[in-house]
Structure formats: structure tokens, C-alpha cells
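Counting starts at 1 for both ligands and their atoms, following the listed order. Computed from heavy atoms alone, side chains included, the values below leave out hydrogens, waters and symmetry copies.
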Amino acid sequence: MRLDKGDPAIAGVVAALCVASAVMVAVVDGAKGDGRVTQLSNGFTARHSPDAPAPFEPVLYAANGAFAFGFLRVGAASLDLAVVHLASSFPVWRATPARVGDWSRPATLTFDTGLVLAGADGAAGVLWQTLNAIGDTVVLLNSSNLVVRRFAETRPAWQSFDNPSDTLVLDQNLTVSSPPLISGNRRFALRLAKTYMSLHMEFYGGRATPMYWQHTALEAQPENATQPPVYGCLDGRGFFGLYLQGSGEKVDVLSFDTFVQNLTGAFRRMTLEDDGNLRAYYWTDDAKAWTADYKAITAPCELPTSCGAYGLCVPGGGEAKCQCLTNSTATSPPCSAEETTDLCGDGDSDGGQVFDEVRLKRVSVAYKERLPFEANATAEQCEQACAGNCSCWGAVHSGASGYCYLLDFPVETMVYEADDRKVGYFKVRRPPRSSTRRGMSPGAKAVTAALSLILASLAVAGAYVGHRLWQRRQRRRRAGGMEQELTSSGPYKDLKSMGSSNSSFKS
Ligand SMILES: *[C@@H]1O[C@H](CO)[C@@H](O)[C@H](O)[C@H]1NC(C)=O
Ligand SMILES: *[C@@H]1O[C@H](CO)[C@@H](O)[C@H](O)[C@H]1NC(C)=O
Ligand SMILES: *[C@@H]1O[C@H](CO)[C@@H](O)[C@H](O)[C@H]1NC(C)=O
Ligand SMILES: *[C@@H]1O[C@H](CO)[C@@H](O)[C@H](O)[C@H]1NC(C)=O
Ligand SMILES: *[C@@H]1O[C@H](CO)[C@@H](O)[C@H](O)[C@H]1NC(C)=O
Ligand SMILES: *[C@@H]1O[C@H](CO)[C@@H](O)[C@H](O)[C@H]1NC(C)=O
Ligand SMILES: *[C@@H]1O[C@H](CO)[C@@H](O)[C@H](O)[C@H]1NC(C)=O
């Protein structure tokens, strides 16, 4: 669950908690007159109480009172550590442990040499810790940066600004050595390379990371080997700047809508959201709301998963309209479960194909310029380039130009384009075992049924998270002009008569 629009329940309880803070033992200093702890010393321990009524239990406050660090409940019952913007309840930073804690069980946060979040079973239950950090104090700066320091040193031993989750805030540097920003649903990443920033989908646990958006620093010179890499930073004046490391020379800006307004004093963040878009927002205490003033991708159909796996996005107006590549009756996502493994190496025991093939006309990919391609290919050659390669899931041929784009990752949302020469070839994994011709035993049937049920519910759950926003829009629109156009343009024919779904688009 994201807390962006400001959860009033949380805000209320946060206020209450300022009085009755989380259970604390051991050394606590730096407490100000109002009882808010502003510094943790070595030896500090705080216990998360499983029956805590609030989804956020602060243990440390910034001096300006705008941010707090503490235990955060994420989703239904997961436990995380977070730095929360108190006015909006938005977590600007999260620890996001690889193994998530359980909110309904006890846990402790200790500050020994570094910060450690542990479950009930002590050392064996370490969920997250600051690595390679030896510190004497922990403070939360006015900027929301959580900093572990040694007394004698000005450089922090560890800081949350170097370990972003899905959000960058004012004055936080994104460098080539920073870990990428990862969206809350862990499906998208923002990375910085030497001269550009880019957005990626994440498949197979990060083994395939196809790029779907890129912004190159205008004045950086990719061919100049001695030029230092760029770093990015959100500026209070309303832009994301790209600078050369060392000299700090500005080599590009992404300017936001508010840049021309000379809006100063607003708190700003830039977040990689669950739909794969990168958006910037500002907060003003007058409006008490986050207002968006930048998005990397403006057209809904250009978002890589706007209609889910095997979806077809039909552009028109400001809104995405979704259909399915493989199912003529389904009109809303999910069209298909998300694929988590490739088609290699799990051949079926009969030596048969593990996938069906679907061929469609008038289909394209929003980010085709970023895909591997073959030039001067015919539609047949394009298909062949994909068909025999088990790491290929589909190929899109763009007619006259002869370009053949290969999808070396699971099929996500394709885009409708009113051009008969734009043809697509897609592989659809066959349900386990059900493709064999000989009859299945009742046992096998039961297993297959159970598996499909699990897959279906996974698909629903997965797509639900990613597409709530889309669904809200979907409900608002109904009678669609573009849908009529699709239907009147005639049924989509297979290029060959092999596909599992001819006339996929009669809706
Ligand atoms: C942080 O904010 C507080 C309150 O606004 C202010 O008194 C303090 O000087 C600020 N600290 C820094 C380092 O700017
Ligand atoms: C961000 O980078 C600039 C320039 O390299 C540096 O002066 C500044 O201290 C950095 N900020 C943080 C929070 O590390
Ligand atoms: C390469 O970049 C460095 C540092 O920015 C600059 O001093 C140098 O003149 C550049 N070389 C060329 C050939 O542009
Ligand atoms: C922007 O605002 C600042 C502070 O309010 C002011 O000093 C500056 O002159 C303004 N700049 C423009 C271009 O309006
Ligand atoms: C197609 O979609 C409809 C509606 O969502 C669903 O009831 C049906 O089971 C789907 N058929 C296939 C073959 O996936
Ligand atoms: C594609 O065709 C054009 C003109 O027909 C030719 O100039 C070009 O070299 C060809 N490219 C490849 C990769 O074969
Ligand atoms: C199969 O596709 C992958 C990804 O596009 C590519 O790296 C590989 O070389 C291809 N294999 C063959 C045998 O063409």
C-alpha cells in the first residue's frame, strides 16, 4: 500500500504518537523539550509492539519536525523501517529488507555499530542492517537524510541518501554508483549511467532489465572518455539537474511545470511509481497536498505495462483503453498472468512445444527504439528470428521500414497502431501439462485445475496492484470510439493459420 495521497488515519495517529512514542529502552539523548528524540546514541534499542495501533511508530525526529524515522507497516502486515514526511505520511525512504518482517510479531531496532532491524529470534532474525557502517550517533537531518556518524568525522559513515528506495528528495544526489531507484512493487528501476538516466522493467529477479525510457544529458559527451560521469539532483527551483562529477558543471535539466513560476520553499520529491512512470511532486503547507509537476512519460499507452501482460493499449484522448492480445472476450486487465521464468529448459516431456503462437496485425511497441532489432527483414524472417530462440517472447515487424524488433523478455503491453503492415508474433506459454493430447488422469486434472487457480489469483493480485489507477479510469470511460474503429477495421487475421486466437479483437 502506498501512502502517497496522505492517509488521514496515519496522520492522526502520528500526531498522537508524538506524545506517546514507541517503546524505548536504553540510552536516548538529544530529547528536546517536547519529548521528541532528535539523536540516537550507540546502544539504543527500540521495540516494535505487534499490537501497535498506528501504521507508523516514530523513534527519531528531524529538528525541523517535518520528518521522522521509525517502524512502518507496509501493505497488510509487513514491517519495514522508514523515514516519513509527517504532514503527508509519505515514506520518502524505506529500508526494504530482502526478507520482510511481520508486523504482528515483535521486532527490535538497535543502534550498535550500525542500525539493525531484527525479528523476534534475535541475531538469526536480522532483517536489515546498515552495512560497513561504524557510528556513534544517528540523526535525521532537516532534508530527511538519515545519517550515521562518528564523532570525529564530518563525512557520514552511512546515509539514507546513498541508499534510495523509490524516491529522491531535494538535494539528494543520484550517482552512477548509487543503487537504482526501485518502484514499490519492485517491477521498475531508475538507473543512472555515465551520460544518461533510464527506466527499466525488471524480469526474472533482475536478470532481464529492458529499458523503456531514456534521457541523455544534452551537453555531456558520451564519446569523451576523460569526461567524468554525471550525477543528478532535484533542485528546489523546480527541476532535476544533471551535473558533471567533480566540476559540478550543469549539463542538462529536466524542468518541471513549476520551474517558470519561481515557486520557492516547497518540499519536492521525485518518485518511481508502480505504473513505471517517474513523477515529481511538490508539497506546500497551504495546499496540504502533493501536486504533480512532472512525469517522464506523458502518453498512457507508452507506459510499459499500462494494460498488463499480453494487453493491447489503444491510444486516444488522454486515457489508455485496454484490450487483450490473446483473449477476445476479456476487455480489462489482467489478460494473462505475469511470466516469471523464460521458455528455455522446461520443455514438455513429450518433446512438444511449450508455447502457442499468436499473430496479429496493427500492433507495435511503445519503446521499440530501445529493443534489439534486425534490419531489412521480411515479416517471415522476423518471426523466424524469434520462433527458434527460447529467450525470445515475441517479435514486432514494422512493415515498410523492414525493421524487426525482438522481445527478449516476457510480453507486456503492446500498442495499437492503425497500420496493417505492423505485425506482431507472440508466444503464449501453454498451461502446464494440459497441452498433451492423451487424456490426463483425474489426479493430474485436479493438479492442473489447482495450478490454474493459483496462477489466476496470482495474476489478479499482481495486476491489481499495478493497475488500480488504470481501473479507476476504465470505469469512467465506456462507449469507446477507438473500440468501434478496431472492430470496423475487420477481424485480425493470423498470418499463418497456427495461432491460438484468430479474430482476437472482436470485442
Ligand atoms: C533544522 O531546522 C530547525 C528548525 O527549523 C532549525 O532550527 C535548524 O537550524 C535546522 N538545522 C539545520 C542544520 O539547518
Ligand atoms: C551531492 O553532491 C554534491 C557535489 O558533489 C556535494 O557537494 C554534496 O555534498 C552531495 N550531497 C550529499 C547529501 O551527499
Ligand atoms: C573531454 O572532457 C574533459 C572534461 O570535461 C574536457 O576537459 C576535455 O576538453 C574533453 N575533450 C574533448 C575532446 O572534448
Ligand atoms: C524568485 O523569488 C526570489 C525570492 O522570492 C526572488 O528573490 C527572485 O527575484 C525571484 N525571481 C524571479 C525571476 O522572479
Ligand atoms: C477470457 O477473458 C474472460 C473475461 O475476463 C474470462 O472469463 C475467460 O476465462 C478468458 N479466457 C481465456 C481463454 O483466458
Ligand atoms: C538494408 O537495405 C539497404 C537498402 O536496401 C542497404 O543500404 C543496407 O545496407 C541494408 N542493411 C542491412 C543491414 O542489410
Ligand atoms: C536468442 O536471443 C537472445 C536475446 O535476444 C540473444 O542474445 C541470443 O544470441 C539469441 N540466440 C540465438 C541462437 O540466436
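Cys335 has its SG atom within less than 2.5 Å of the SG atom of Cys324.
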For a quick test of your reading: what N or O donor-acceptor pairs under 3.5 Å do the side chains of residues 214-222 make, sequence neighbours left out?
unit_1: Gln214; atom_1: OE1; unit_2: Arg370; atom_2: NH1; d: 3.3
unit_1: His215; atom_1: NE2; unit_2: Asp252; atom_2: OD2; d: 2.5
unit_1: Gln221; atom_1: OE1; unit_2: Asn224; atom_2: ND2; d: 3.4
unit_1: Gln221; atom_1: OE1; unit_2: Gln227; atom_2: NE2; d: 3.3

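The salt bridge (charged side-chain N to carboxylate O under 4.0 Å, His left out) contacts involving residues 131-145 comprise Asp136-Arg150, where partners must be two or more places apart or lie in separate chains.
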Per-pair distances, ligand 1 N/O vs protein N/O, less than 3.5 Å:
unit_1: ligand 1; atom_1: 2 (O); unit_2: Asn142; atom_2: OD1; d: 3.4
unit_1: ligand 1; atom_1: 2 (O); unit_2: Asn142; atom_2: ND2; d: 2.3
unit_1: ligand 1; atom_1: 11 (N); unit_2: Asn142; atom_2: ND2; d: 2.8

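Using a 4.0 Å cut-off between charged side-chain N and carboxylate O, Arg362 and Asp419 make no salt bridge.
In this structure, Ser391 is part of the shell of residues with a heavy atom less than 4.0 angstrom from ligand 7.
Close approach of ligand 2 to Asn173 is summarised as follows: ligand atoms under 4.0 Å from at least one heavy atom of the residue are 1 (C), 2 (O), 3 (C), 8 (C), 10 (C), 11 (N), 12 (C), 14 (O).
A 4.5 Å side-chain heavy-atom check between Ile182 and Ser165 finds every atom pair outside the cut-off.
Counting heavy atoms under 4.0 Å from ligand 2, residue Tyr231 touches it through the side chain alone. At a heavy-atom distance under 4.0 Å, only side-chain atoms of Gln159, from C-beta outward, approach ligand 2.
Between His85 and Phe67, the angle of the ring planes lies from 30° to 60°, which puts this pair in the tilted group.
For Asp112, there are no side-chain hydrogen bond (donor to acceptor under 3.5 Å, both in side chains) partners at least two apart in sequence or on another chain.
Checked against the 6.0 Å centroid criterion, the rings of Phe44 and Phe111 do not qualify as a close aromatic pair.
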